[in-house]
Amino acid sequence: QVQLVESGGGRVQAGGSLRLSCAASGGTFSGHFMGWFRQAPGKEREFVAAISSRSTRKAYADSVKGRFTISRDSAGNTVYLQMNGLKPEDTAVYYCAANPRNSYSTTIDDFDYWGQGTQVTVSS
């Protein structure tokens, strides 16, 4: 069974950086549109960033533009989220997700496969 496995979460102070990784296990997501979402306590899951299969198209939530960068390796099977200038409001569980139709989307319902999530905590 194909799975997504996130790593790289942790606790940092405001202004710090983290790099999240999302790797495919048991299969490939090289042809998928990939995204990162996050969910803070008591809030709904929200879109953070997304990238097309060949990295030609990227999308970001307004709240992270200029601070976060999404990328994927040349094989397309590992996706990264470089997070700089972290703020306390970035604290959340971050999820990696895959859209097998490789169609541009920032909508949660369009992503069929999800990782287990990785916790990011930013202290002030």
Side-chain angles (χ1 to χ4, degrees):
Q1 184 177 356
V2 181
Q3 293 183 328
L4 295 170
V5 181
E6 302 103 332
S7 61
R11 180 183 296 270
V12 295
Q13 291 190 331
S17 298
L18 283 173
R19 189 194 195 202
L20 304 183
S21 298
C22 172
S25 174
T28 179
F29 289 97
S30 60
H32 291 52
F33 193 82
M34 301 295 293
W36 286 97
F37 294 79
R38 67 186 181 187
Q39 188 166 17
K43 295 187 177 182
E44 294 186 352
R45 193 169 298 188
E46 64 177 5
F47 168 75
V48 175
I51 187 169
S52 61
S53 60
R54 297 185 178 182
S55 303
T56 53
R57 192 168 186 181
K58 300 178 183 180
Y60 296 95
D62 288 342
S63 59
V64 307
K65 279 181 183 177
R67 300 188 298 122
F68 291 10
T69 302
I70 190 170
S71 62
R72 61 198 303 170
D73 66 358
S74 57
N77 233 17
T78 301
V79 180
Y80 305 98
L81 185 67
Q82 178 67 44
M83 305 186 295
N84 299 328
L86 283 162
K87 305 175 181 179
E89 51 263 44
D90 293 319
T91 295
V93 177
Y94 283 71
Y95 297 91
C96 176
N99 174 355
R101 290 162 291 282
N102 196 34
S103 55
Y104 178 89
S105 175
T106 61
T107 304
I108 290 175
D109 290 345
D110 289 335
F111 289 80
D112 294 351
Y113 305 99
W114 292 82
Q116 82 287 352
T118 185
Q119 177 70 47
V120 172
T121 303
V122 185
S123 58
S124 57

Nearest 0.5 angstrom please: [X] [atom1] to [Y] [atom2], how far?
{"X": "Gln116", "Y": "Leu4", "atom1": "CD", "atom2": "CG", "answer": "9.0 Å"}
{"X": "Ser103", "Y": "His32", "atom1": "OG", "atom2": "NE2", "answer": "11.0 Å"}
{"X": "Asp73", "Y": "Thr78", "atom1": "CG", "atom2": "OG1", "answer": "4.0 Å"}
{"X": "Lys43", "Y": "Arg45", "atom1": "NZ", "atom2": "CZ", "answer": "15.0 Å"}
{"X": "Ser21", "Y": "Gln82", "atom1": "OG", "atom2": "CD", "answer": "9.5 Å"}
{"X": "Glu44", "Y": "Gln39", "atom1": "CD", "atom2": "CD", "answer": "8.5 Å"}

Has [X] got a side-chain atom pairing as donor or acceptor with [Y]'s backbone, closer than 3.5 angstrom?
{"X": "Thr91", "Y": "Val122", "result": "yes"}
{"X": "Arg57", "Y": "Ser52", "result": "no"}
{"X": "Gln3", "Y": "Gly115", "result": "no"}
{"X": "Thr107", "Y": "Asp109", "result": "no"}
{"X": "Asn77", "Y": "Phe29", "result": "yes"}

Query raised in the report: Taking 4.0 angstrom as the limit, do Asp90 and Lys87 come out as a salt bridge?
Result: no

Report task. List, by chain and then residue number, the residues other than Val93 in its hydrophobic cluster (Ile/Leu/Val/Met/Phe/Trp/Tyr, side-chain heavy atoms under 4.5 Å); write none if there are no others. Result ->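 Traced through the cluster, Val93 reaches Phe33, Phe37, Phe47, Tyr95, Tyr104, Ile108, Phe111, Trp114.
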
**Report entry** For Ile70 against Met34, the heavy-atom pair lying closest together
**Finding:**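 Smallest heavy-atom distance, with atoms named: CD1-O, 4.2 Å.
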
